[in-house]
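Quick notes on the structure that follows.
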Amino acid sequence: MVNARAIRRKLLLAVAIVAGLGIVVEAWHAQSHDDVVEALLPKLSLSFESNLPTWFSTLLLAACAVAAGSIAARRPPWHRHWWFITALAGYMSLDEAAELHEHLGGHIAASGVLYYDWVIPAAAIVAVLVVAFIPFVRALEATTRRRLILAGVVYVGGALIMELPLGWWTEQHGTDGFGYAIIDWVEETLEMIGATLALTALLAHRDPA
């Protein structure tokens, strides 16, 4: 049996460290372009890929897939929905590492907050999943339901909603400034927090105290 509350505290501390390093190196880079910060930026910035934040986020989502799969394997009521959550978290982990969602974009003529047009099909997919999972969510124990809804809102708020101001900023100012870095930092930090809350909610549901 795991202590989900202790794991949540430790993971949120890890999120704070990863996000803190990211914002520090971005602020440093906004003031200086010396060799040290130029070397650290691609390794620590939340706006870059294939680095520490990407690795951390990928592991969080993979852990969510494992936790959901361990619930589904017990064949509880709604076990098919648990297996779907397992597959979805696994796909999201892969997407975090390989940026698969980027292939959804470039097919719609959009601008402004829809500059990153992949948010349009992504929002439609999220809406369909929300409607399809209403009976499952209602059937959950109240505490698990609240925890998973909160995790989902935080994660989607980062992954999808924050893409709107990020798209507007990118169209107006490009991707090189500190403004872009701040918006993207908020987006990625919310994703990490959401994944952490989801993981600990799944663990607490699997192994209730």
Side-chain angles (χ1 to χ4, degrees), residues 8 11-12 14-16 18-20 22-23 26 44-68 81 84-108 110-134 137 146-171 175 179-202:
R8 182 171 63 245
L11 285 178
L12 288 176
V15 169
V18 171
I23 196 64
E26 287 288 2
L44 299 176
S45 169
L46 275 65
S47 295
F48 283 70
E49 302 296 332
S50 302
N51 60 4
L52 175 63
T54 302
W55 171 80
F56 182 67
S57 296
T58 299
L59 287 183
L60 278 177
L61 291 167
C64 287
V66 172
H81 288 71
F84 183 87
I85 292 171
T86 301
L88 179 62
Y91 171 82
M92 290 165 63
S93 176
L94 178 61
D95 179 69
E96 186 67 33
E99 296 186 271
L100 300 178
H101 68 272
E102 298 293 342
H103 297 294
L104 291 174
H107 307 295
I108 303 171
S111 61
V113 296
L114 298 178
Y115 178 81
Y116 293 120
D117 62 314
W118 69 265
V119 302
I120 299 173
I125 293 170
V126 169
V128 170
L129 290 176
V130 167
V131 172
F133 269 72
I134 286 175
V137 172
R146 288 194 299 269
R147 289 170 176 169
L148 288 178
I149 289 175
L150 175 61
V153 168
V154 173
Y155 189 89
V156 171
L160 189 59
I161 304 303
M162 286 304 299
E163 281 287 288
L164 303 180
L166 187 67
W168 178 86
W169 184 275
T170 301
E171 185 178 52
T175 62
Y180 175 91
I182 287 292
I183 299 171
D184 200 38
W185 179 85
V186 173
E187 174 180 332
E188 298 295 334
T189 300
L190 286 174
E191 289 183 26
M192 289 189 289
I193 293 172
T196 295
L197 295 177
L199 174 58
T200 53
L202 292 167

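If you read the sequence from its start, that first residue is 1, and numbering goes on from there.
Atoms CH2 and OG1, from Trp169 and Thr175 in turn, are 12.0 Å apart once rounded to the nearest 0.5 Å. Here CG of Leu202 is found 11.0 Å from CG of Leu197. Values are rounded to the nearest 0.5 Å. For the atom pair Leu190 CG and Trp185 CH2, the distance stands at 8.5 Å (nearest 0.5 Å). Of the inter-residue distances, the one linking Thr196 atom OG1 with Glu191 atom CD reads 11.5 Å to the nearest 0.5 angstrom. For the atom pair CD1 of Ile183 and OG1 of Thr170, the computed distance is 7.5 Å after rounding to the nearest 0.5 Å. Atom CG in Leu129 sits 5.0 Å away from atom CZ in Phe84 (nearest 0.5 Å).
In this structure, Phe133 and His81 have perpendicular ring planes: the angle between them is above 60°, well past the 30° mark.
The two residues Gly112 and Glu171 make their nearest non-hydrogen contact at N-OE1, 2.8 Å. When all heavy atoms are compared, the tightest approach of Ala201 to Arg147 is CB-CB, 3.6 Å. When all heavy atoms of Ala198 and Cys64 are compared, the pair lying nearest together is CB-SG, 4.1 Å. For the residue pair Thr54 and Ala97, the shortest heavy atom distance occurs at CG2-CA, 4.3 Å. Of all the heavy atoms in Gly158 and Glu187, the pair that sits closest is O-CG, 2.8 Å. Taking each heavy atom of Ser45 and Pro53 in turn, the nearest pair found is O-CG, 3.9 Å.
The side-chain heavy atoms of Val137 and Leu148, taken from C-beta on, include no pair separated by under 4.5 Å. Residues Leu160 and Glu163 are not in side-chain contact: their nearest non-hydrogen atoms beyond the backbone lie 4.5 Å or more apart.
Of the candidates Thr58, Asn51, Leu59, Trp55 forms a side-chain contact (heavy atoms from CB on, under 4.5 Å) with just one, namely Leu59. For the side-chain contact (heavy atoms from CB on, under 4.5 Å) with Phe56, the qualifying choice from Glu96, Glu188, Met192 is Met192, the only one to do so. If you run side-chain contact (heavy atoms from CB on, under 4.5 Å) between Ile23 and each of Ile182, Val186, Leu46, Leu44, only Ile182 comes through.
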